[in-house]
Amino acid sequence: MDRFTRGITRHKKLVISIFLVAAIVSAVLILGVSVNYDLTDYLPEDSESTIALDLMYSEFGSGVPNTRVMVRDLTLTGAVEMKAKIAACTGVTGVMWLDDTQDLTTPIEFMDETSVNQYWHDGIALYDVTIEDGMESEAVAAIYEVIGEGGAISGNAASTASMQSHVVSEVVGILVIMVPLAILILLVTTTSWISPLLFLSAIGIAVIINMGTNVIFGEISFVTQSVSPIMQLAVSLDYAIFLLNSFGRHREEVEDSEEAMRLAIRESFSSIAASAATTLFGFLALMFMRFGIGADLGLNLVKGIVLSYISVMVFFPALSLACVKLLDKTTHKPIIHPGKRIGRALVKVRIPALILVLICVIPCYLAQSRNDFLYGNGVPDPQIDYGRDTEAINAEFGESNALVLLVPRGDPGAEAELAAELADIDHVTSVLSYAGTVGVVPEGFLDDAIVSQFYSDNYARIIMYTDTSEEGDEAFAVVEQVRAAADKYYSESWLCGQSANLYDMRDVVTADSTLVNLIAIGFIFLTLLVTFKSVTLPFILLFCIESAIWINLSVPYFSSEPIVYIGYLVINTVQLGATIDYAILMTSGYTANRRTMGKREAVVATLNTNFESVLTSGLILTSAGLCLGLESSLEVVAELGILLARGTVLSMAMVMLALPALLILFDPLTAKLTWRAGFLNDTHKEAVTK
């Protein structure tokens, strides 16, 4: 350790140069990291909808229709010409319209009414378009050029294109708001005008390196792209604050700044490592999800915490020493300083606070498991083009959701019977199959291109449309009934489409929930056990933070609002990993003070000492959550931000109000079940006083 600290302090210019070069290289590498905007791509490879989609690409060369394109003021002839123009756009692999199921030489009054209403009315044409994965932005832009301003585009591919155009700018916008907020919070709680800039420089460089090193993965999810930089910045600022505070204390003891920094690094190394470890283990649990978003986000956050720790222990000391004169010149008294009264004020309300928690905790635990969940990206924001276009198309043609069923080719009778049964399922508005619908048109009117829409060498394709949204009880009931009907006629069948994808996603992430939570709690329990060498303290700390999580996640239930399941699942581990540090900080102070004070005095002293640190960290994390929640147009990201902000406030409240009551209440048991606790007992206290 001595060689390590001397190397940093003696070669501070070299250390700073190495980190700056790494940050510049990483900033360039960020441009080479692609972003995946499709949540269904993260389903396990053995899920039915994933297998079905892969099979359809191999057999038919395209996927499920994933875009709806509406064009106004057309004649039937003009609509056919428009179809050809859309089909010629970059990235478009297929377009279905009325002429694929009906003979347009027949008067429209004699055509199948359901098919007509699906694609055409009053001079308005609606096309079902299939856009190739990875080509969403280019294809949507090309289609807009063809259809003009009066047209509208909606669907999964259009949603992806919209996200691609907003995510990067929104992340930048969030940072533009969050960084000044963080600086303001740090200015009023620290004692130097430039220390906030040093904190942000150290963590900011770690964030850039983390984002740049994602190039080794090839691509990351849009959730990771939106959340990870903000989370890393907010969660790991504490490490730099702890180190600089230690440096300030040691400068009062020794004159040499380099020696003071070496002492600060040695003193803070293990405590910051313990703090980082609990956060890291919380994020690490996400990697055990079968749903790939967990591994994607978890791995990125784990890497970010490690890089932040390295930056704080290596780069930040060198930077602080290089700026030590500037730190001295810009010293000021804390603008907000709660003083010594805050501890006694909080201790006075500990009993009512604990009673309130005990009253709420069981109902909130039950409520949070009974939320209504969304498994996709949520409702589109009506403030952006995609949201407005979706509303316009739904107003003209109603909601429509495509499902595609693949069955073995070779039995037209079974295919026709199945198509007829599928048409009778509630919410199925139309069924298109060669044997059941298209085959009634004389062959002379259908070219090979139309036949190939429904038959490959090995499979027949049955296309269904429903009037449900992509997810929900009705949509998932249709998926179950379609699969059950197919099983009656075929020993092998495969269903794909957004509803089928989200149905499978629901099963996967629901199964992940219990496993991830148990792993996170298990990891952190072991860390607390090693840190405090106590049987009771890990239970007390976990109860405080888990109670805050349950209360946080029960709010959507009591307000009757659905919650995006990805946010629900991620916040369980993120809130635990990010805010358990507050409880650790308070408990560490309590156990140290308890060796020289009575239990009540120890709690008061600990609150007085640590209130400011917890408040600073909590306000920064809350601000990060609010910025995500209020600025992101992506519901899954915005909801995660609101959950994070509310959860942080609740965790702070639990640590400041309920934890002191529990520490005092269980103090006798903790003294007995903590290895070498050394707590001052009442007899000893009286002897010392005399």
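Numbers here are sequence positions counted from 1. Computed over heavy atoms, backbone and side chain alike; hydrogens, waters and symmetry mates excluded.
The backbone N or O of Ala158 lies less than 3.5 Å from no partner atom in the side chain of Ser162, so there is not a single donor-acceptor pair. At least one donor-acceptor pair closer than 3.5 Å links the side chain of Ser17 to the backbone N or O of Lys13. No donor-acceptor pair closer than 3.5 Å links the side chain of Ser623 to the backbone N or O of Leu181. A donor-acceptor contact shorter than 3.5 Å links the side chain of Thr160 to the backbone of Asn156. Remark: the backbone N or O of Glu219 is not paired with any side-chain donor or acceptor of Asn214 at under 3.5 angstrom. Asn210 places no side-chain N or O within donor-acceptor distance of the main-chain N or O of Ala206, the cut-off being under 3.5 Å. Checking side-chain atoms of Ser226 against main-chain N and O of Val223 turns up no donor-acceptor pair under 3.5 Å. Listed for the Ser559 side chain is a donor-acceptor partner under 3.5 Å among the backbone atoms of Pro556. Panel note: side chain Asn371, backbone Leu553; a donor-acceptor pair is recorded below 3.5 Å. Between the side chain of Thr331 and the backbone N or O of Leu327, at least one donor-acceptor pair lies under 3.5 Å.
Of all non-hydrogen atoms in Leu280 and Val302, the two that sit nearest each other are O-CG2, 3.8 Å. A pairwise comparison of heavy atoms in Gly298 and Leu286 identifies CA-CB, 3.9 Å as the closest pair. Residues Ser547 and Met654 share a closest heavy-atom pair of CB-CE, 3.8 Å. Taking both residues in full, the closest heavy atoms of Leu319 and Ser201 are given as CD2-CB, 3.9 Å, listed atom of the first, atom of the second, then distance. The nearest pair of heavy atoms linking Phe4 to Met313 is CZ-O, 4.0 Å. Across every non-hydrogen atom of Ser268 and Ser246, the tightest pair is OG-CB, 3.5 Å.
A distance of 10.0 Å separates CD1 of Ile203 from CZ of Phe315, quoted to the nearest 0.5 Å. Here the CG-CG distance, from Leu542 to Leu528, works out to 5.5 Å after rounding to the nearest 0.5 Å. To the nearest 0.5 Å, atom CD1 of residue Ile183 and atom CG of residue Leu197 are 5.5 Å apart. Here CE of Met178 is found 13.0 Å from CD of Glu631. Values are rounded to the nearest 0.5 Å. The distance from the CD1 atom of Ile642 to the CD atom of Glu635 is 11.5 Å, given to the nearest 0.5 Å. Atom OG1 of residue Thr609 and atom CE of residue Met586 lie 9.0 Å apart, to the nearest 0.5 angstrom.
When side chains are defined from C-beta on, Ser236 does not count as touching Val312, because their heavy atoms never get closer than 4.5 Å. Counting heavy atoms from C-beta on, the side chains of Ile584 and Thr278 come closer than 4.5 Å. Side chains of Leu628 and Leu640 form no contact here, defined as non-hydrogen atoms less than 4.5 Å apart. Looking at heavy atoms from C-beta onward, Arg646 lies out of side-chain contact with Thr622 at the 4.5 angstrom threshold. Two residues are said to be in side-chain contact when any heavy atoms from C-beta on lie closer than 4.5 Å; Leu20 and Ile205 meet this criterion. Here the side chains of Val314 and Phe19 are in contact, with some heavy-atom distance below 4.5 Å. Between Val25 and Ile209 there is no side-chain heavy-atom pair separated by less than 4.5 Å. Two residues are said to be in side-chain contact when any heavy atoms from C-beta on lie closer than 4.5 Å; Leu200 and Leu237 meet this criterion.
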Assess the residue pair Ser154 and Asp389 against the criterion (side-chain hydrogen bond (donor to acceptor under 3.5 Å, both in side chains)); give the C-alpha distance rounded to whole Å, side-chain angles, the decisive distance to 0.1 Å, and a yes or no. CA-CA 6 Å; Ser154 72; Asp389 280 6; over 6 Å; no

Before giving the answer on side chain to side chain contact (heavy atoms under 4.5 Å, CB included), spell out for Thr190 and Leu244 the whole-Å C-alpha distance, their side-chain angles and the decisive distance to 0.1 Å. CA-CA 10 Å; Thr190 57; Leu244 193 64; over 6 Å; no

Verify side chain to side chain contact (heavy atoms under 4.5 Å, CB included) between Tyr557 and Gln368, making sure each step is shown before the conclusion. CA-CA 7 Å; Tyr557 174 83; Gln368 59 90 30; over 6 Å; no

Intermediate values then yes/no, side chain to side chain contact (heavy atoms under 4.5 Å, CB included), Cys544 and Leu662: CA-CA 9 Å; Cys544 285; Leu662 291 169; 3.7 Å; yes

Does Leu321 form a side chain to side chain contact (heavy atoms under 4.5 Å, CB included) with Ser257? I'd like the steps, not just the answer. CA-CA 7 Å; Leu321 286 173; Ser257 296; 4.0 Å; yes

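For the residue pair Asp581/Thr279, the side-chain donor-acceptor check at 3.5 Å is satisfied. Side-chain contact check for Ser192 and Thr330: at least one donor-acceptor pair (N or O, by modelled atom type) lies under 3.5 Å. Side chains of Tyr568 and Glu639: a donor-acceptor N/O pair is absent below 3.5 angstrom, by distance only. Using modelled atom types and a 3.5 Å distance limit, the side chains of Thr224 and Ser221 yield a donor-acceptor pair. For the residue pair Tyr582 and Asp238, no side-chain donor N or O sits within less than 3.5 Å of a side-chain acceptor on the partner.
Partner Phe316 forms a ring-ring contact (aromatic ring centres under 6.0 Å, His included) with one of Phe199, Phe242, Phe247 and no other, that one being Phe199. Each of Ile293, Val636, Asp38, Asp296 was scored for a side-chain contact (heavy atoms from CB on, under 4.5 Å) with Phe222, with one residue passing: Val636.
Under 4.0 Å is where a charged nitrogen must lie from a carboxylate oxygen, and between Asp256 and Arg251 no such pair does. Electrostatic pairing of Glu258 and Lys12 counts as a salt bridge here, judged by a charged N lying under 4.0 Å from a carboxylate O.
The side chain to side chain donor-acceptor pair (under 3.5 Å) contacts involving residues 650-662 comprise Gln575-Ser651, Thr579-Ser651, where partners must be two or more places apart or lie in separate chains.
Judged as a side chain to side chain donor-acceptor pair (under 3.5 Å), and not counting sequence neighbours, the contacts of Thr9 are Arg262. The side chain to side chain donor-acceptor pair (under 3.5 Å) check on Tyr309 picks up nothing, with sequence neighbours excluded.
Heavy atoms of other residues, nucleotides or ligands lying less than 6.0 angstrom from CD of Glu255 number 12 at most.
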